[in-house]
Amino acid sequence: MPTQLDTALEAIIGELTKEGQPFVTKQVERGGVEMPAFLGAPPTLAHYFAHFCNEHKDVEFLVDGDLRLTFGECWHAATHVAHGLATQHDVQKGDRIGIAARNSANWMIAYMGIVMAGGCATLLNGFWSGDELAYGIRLAECKAVVVDAGRAKRLEGTDHSAKLIMMEHDCAPSEGLKATWAEGQTAMAMLGQLGADDLATILYTSGSTGQSKGAWSDHLGVVSGTMNYVAQSAMAKLLLESQGQELTDQPCALIAVPLFHVTGEVPLFLQSYAIGRKLVLMPKWDAEEALRLMEAEKVTYFVGVPLMSYEIATHPNRSSYDLTACKSFAAGGAPRPVEHVNKIKEAFPEGFPLLGYGLTETNAVGCGNFNENYMAKPGSTGKASQPLVDLRILNDDGAELPQGDIGEVCIRSIANFRGYWNNDEATAAAFTDDQFFRTGDLGYLDEDGYLFIVDRKKDIIIRGGENITCIEVEDAIYAHADIAECSVFGLPDERMGEVPAAIFRVKDGAAAMNQAQLREFLLSRIAPFKVPLEEHTFVSTEVLPRLGTQKIDKKSLREQFTAQMEQA
């Protein structure tokens with residue numbers, strides 16, 4: 001049965017999408033299929049920046065150390081970057097221009113400037129090695145890359161032909177982006193030339209199932225994904241106001257995730273222009289520094305990989321900081337263990353944990369689980385995000401499965417990417433004939449339309465014909481109060497085909513735990529065939545390896561321990 005919150009949210013989004021309201025939709029054809037798009041959305045990111053930077057021109061936008069910039073100042077700086085790119089570096093409409101740098105205010109202004117010059121913002125993974133960066137540059141055929149000193153050094157001697165344009169952090173845009181700085185009218189002229197179907201961005205997949213691919217989107221897709229998040233925020237605001245809450249303070253979010261990842265780019269960075277939200281940057285993740293900044297800047301919204309909000313909630317000095325302004329603790333990029341949901345709510349009784357589900361290929365749009373509904377169904381990633389998302393569970397032949405059956409999670413929306421750059425085969429395999437994107441995730445819909453992710457399609461462990469989902473075993477491990485992080489994956493086995501394996505790390509200050517103790521704990525919670533044997537369980541004293549998206553790098557762990565077993 002729909003909850004009271006579900007009913008209220010349905011009514012609000014229904015009002016917001018009525019004729020004459022801000023989120024009314026029209027039908028747009030893509031791949032021979034009609035799907036909804038926002039009638040009044042800006043046609044491109046360049047128009048989006050122009051409109052909202054003017055609307056909020058005197059409102060504080062970026063806080064990066066001692067640097068504080070308004071929306072208007074960011075727009076002004078980006079017009080200089082756009083003109084400099086066009087006149088000094090010959091950037092033409094559609095050229096792929098990379099950004100290879102850590103998070104900073106100047107990273108964001110470089111992104112704006114590239115788009116406003118008509119270029120395609122190509123978001124290279126800032127954690128990549130030099131050879132990986134060069135691969136990304138070659139794949140997208142970048143004409144130029146805006147690069148900071150650290151990534152430029154990594155690129156020395158690698159195989160690429162892009163022009164490197166140096167940038168700096170921790171200084172004013174006119175100084176940090178001086179290699180692209182010129183005064184002129186490129187940005188204004190481009191507003192008359194750019195259209196919704198033009199190339200806007202390339203983001204790289206995590207590479208969790210193979211070599212990274214470049215997912216390209218047009219302006220319609222990126223703007224639609226962004227505006228769908230804006231619709232969700234408007235819905236949440238109206239809900240809180242209907243409950244008697246006054247939302248008078250400026251929204252404010254801490255940026256603790258990479259901007260080159262879709263979670264950092266779309267719901268966090270790009271959405272902020274429309275809702276007038278202040279963004280506070282931190283150079284690298286540190287839970288106590290996050291607590292300090294959240295108090296000092298009155299952060300109202302936090303998003304990160306699940307471990308981040310958990311570290312904030314369980315930090316020994318948490319009570320020393322006033323975080324009452326923060327009402328939302330969101331997670332994305334990986335499943336959030338049920339145990340974490342309860343811990344966050346206990347730590348912040350006035351706030352709520354939230355969970356979003358989206359992918360690089362969907363411009364972060366997919367599902368959301370909010371507030372009381374998330375507490376009631378903490379294992380679910382929520383319902384399809386309205387009004388754009390059509391969500392279905394399909395079998396391998398593309399047929400829709402009945403409610404409750406497990407199949408591949410598939411998403412259709414105008415926010416979906418258009419394809420993988422220079423990879424027609426992968427693009428064709430990614431979509432069904434009627435334009436549903438195959439996410440590669442396995443899941444099911446419950447009777448209320450809530451999505452439950454069971455596992456990655458390629459991460460199911462098949463032990464002697466029995467399917468074991470990594471997420472279920474990981475949830476069981478996380479139920480132990482002393483576990484900081486873990487990963488479960490399959491290892492080859494001559495007799496069984498595959499067997500479950502796990503690596504775990506205990507929290508700082510917790511008592512040491514060995515393989516036998518963990519196995520004993522798990523046997524009381526899940527079926528014995530799902531519990532890794534002691535020889536397939538590994539203890540780590542270091543933080544587990546991460547992909548650029550900050551997901552645990554399960555692929556490299558599987559390869560590492562497979563090789564280790566073969567050598568034994």
Side-chain angles (χ1 to χ4, degrees), residues 81 84-85 88-92 94-104 106-111 113-115 117 119-170 176-180 199-217 257-262 264-265 283-284 360 417 419-426 545-551 553-557 559-560 563:
V81 172
L85 287 170
Q88 298 171 8
H89 303 287
D90 191 33
V91 171
Q92 311 274 330
D95 283 344
R96 275 76 62 210
I97 308 300
I99 309 177
R102 71 163 173 84
N103 285 1
S104 71
N106 288 337
W107 188 105
M108 298 182 187
I109 290 165
Y111 179 110
I114 291 166
V115 167
C120 167
T122 304
L123 310 188
L124 294 156
N125 186 323
F127 297 141
W128 275 347
S129 67
D131 285 337
E132 289 170 323
L133 286 168
Y135 163 77
I137 292 168
R138 292 195 309 272
L139 178 65
E141 303 164 305
C142 291
K143 175 183 275 191
V145 180
V146 181
V147 60
D148 62 12
R151 281 77 190 170
K153 186 168 180 60
R154 290 182 210 166
L155 280 164
E156 287 176 5
T158 62
D159 177 22
H160 73 88
S161 58
K163 179 180 184 180
L164 299 187
I165 303 171
M166 296 304 298
M167 69 173 291
E168 295 179 22
H169 309 288
D170 306 320
L177 294 163
K178 61 186 176 185
T180 61
L199 183 58
T201 63
I202 294 178
L203 275 69
Y204 294 84
T205 62
S206 65
S208 58
T209 57
Q211 198 164 34
S212 186
K213 299 185 285 290
W216 71 271
S217 294
V257 294
L259 288 164
F260 61 74
H261 178 232
V262 72
E265 182 214 16
K284 63 178 181 178
T360 302
F417 80 132
Y420 296 113
W421 193 259
N422 280 344
N423 195 337
D424 293 342
E425 185 180 349
R546 293 294 201 274
L547 297 162
T549 57
Q550 292 303 292
K551 295 177 184 176
D553 188 354
K554 192 170 293 208
K555 179 171 173 278
S556 74
L557 287 169
E559 289 171 352
Q560 175 190 338

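Everything quoted here is computed from the prediction, not taken from an experiment.
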Does [X] reach the main-chain N or O of [Y] with its side chain, forming a donor-acceptor pair under 3.5 Å?
X	Y	answer
Arg138	Asp159	yes
Thr205	Lys213	yes
Arg151	Gly126	yes
Asn106	His169	no
His89	Val91	no

Report the C-alpha separation of Asp90 and Asp95 in whole Å, then their side-chain angles, then the decisive distance to 0.1 Å, and conclude whether the side chain to side chain contact (heavy atoms under 4.5 Å, CB included) test is met. CA-CA 10 Å; Asp90 191 33; Asp95 283 344; over 6 Å; no
Which heavy atom in [X] sits nearest to a heavy atom in [Y], and how many Å separate them?
X	Y	value
Val145	Ala162	CG2-CB, 3.9 Å
Leu123	Tyr204	O-CD1, 3.3 Å
Ala140	Ile202	CB-CD1, 3.9 Å
Cys142	Gly98	SG-N, 4.0 Å
Ala134	Leu155	N-CD2, 3.8 Å
Val146	Ala110	CG1-CB, 4.3 Å

Measure the shortest side-chain to side-chain distance between [X] and [Y] over non-hydrogen atoms and say whether it is less than 4.5 angstrom.
X	Y	answer
Phe417	Thr360	no
Glu265	Tyr111	yes
Asp148	Trp107	no
Trp421	Thr122	no
Leu557	Pro545	yes

Sequence neighbours excluded, which residues qualify as side-chain hydrogen bond (donor to acceptor under 3.5 Å, both in side chains) partners of Arg154?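 None.
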Verdict with reasoning, Met167 to Thr180, per side chain to side chain contact (heavy atoms under 4.5 Å, CB included): CA-CA 9 Å; Met167 69 173 291; Thr180 61; over 6 Å; no
Which one of Leu139, Ile137, Ile99, Leu203 satisfies the side chain to side chain contact (heavy atoms under 4.5 Å, CB included) criterion with Leu124? Ile137
Straight-line distance of [X] [atom1] to [Y] [atom2], nearest 0.5 Å:
X	Y	atom1	atom2	result
Asp553	Lys555	CG	NZ	7.5 Å
Glu425	Asn423	CD	CG	7.0 Å
Gln92	Lys143	CD	NZ	5.0 Å

Derivation of the ring pair (Phe, Tyr, Trp, His ring centres under 6.0 Å) call for Phe260 and Phe127: CA-CA 10 Å; Phe260 61 74; Phe127 297 141; 5.6 Å; yes
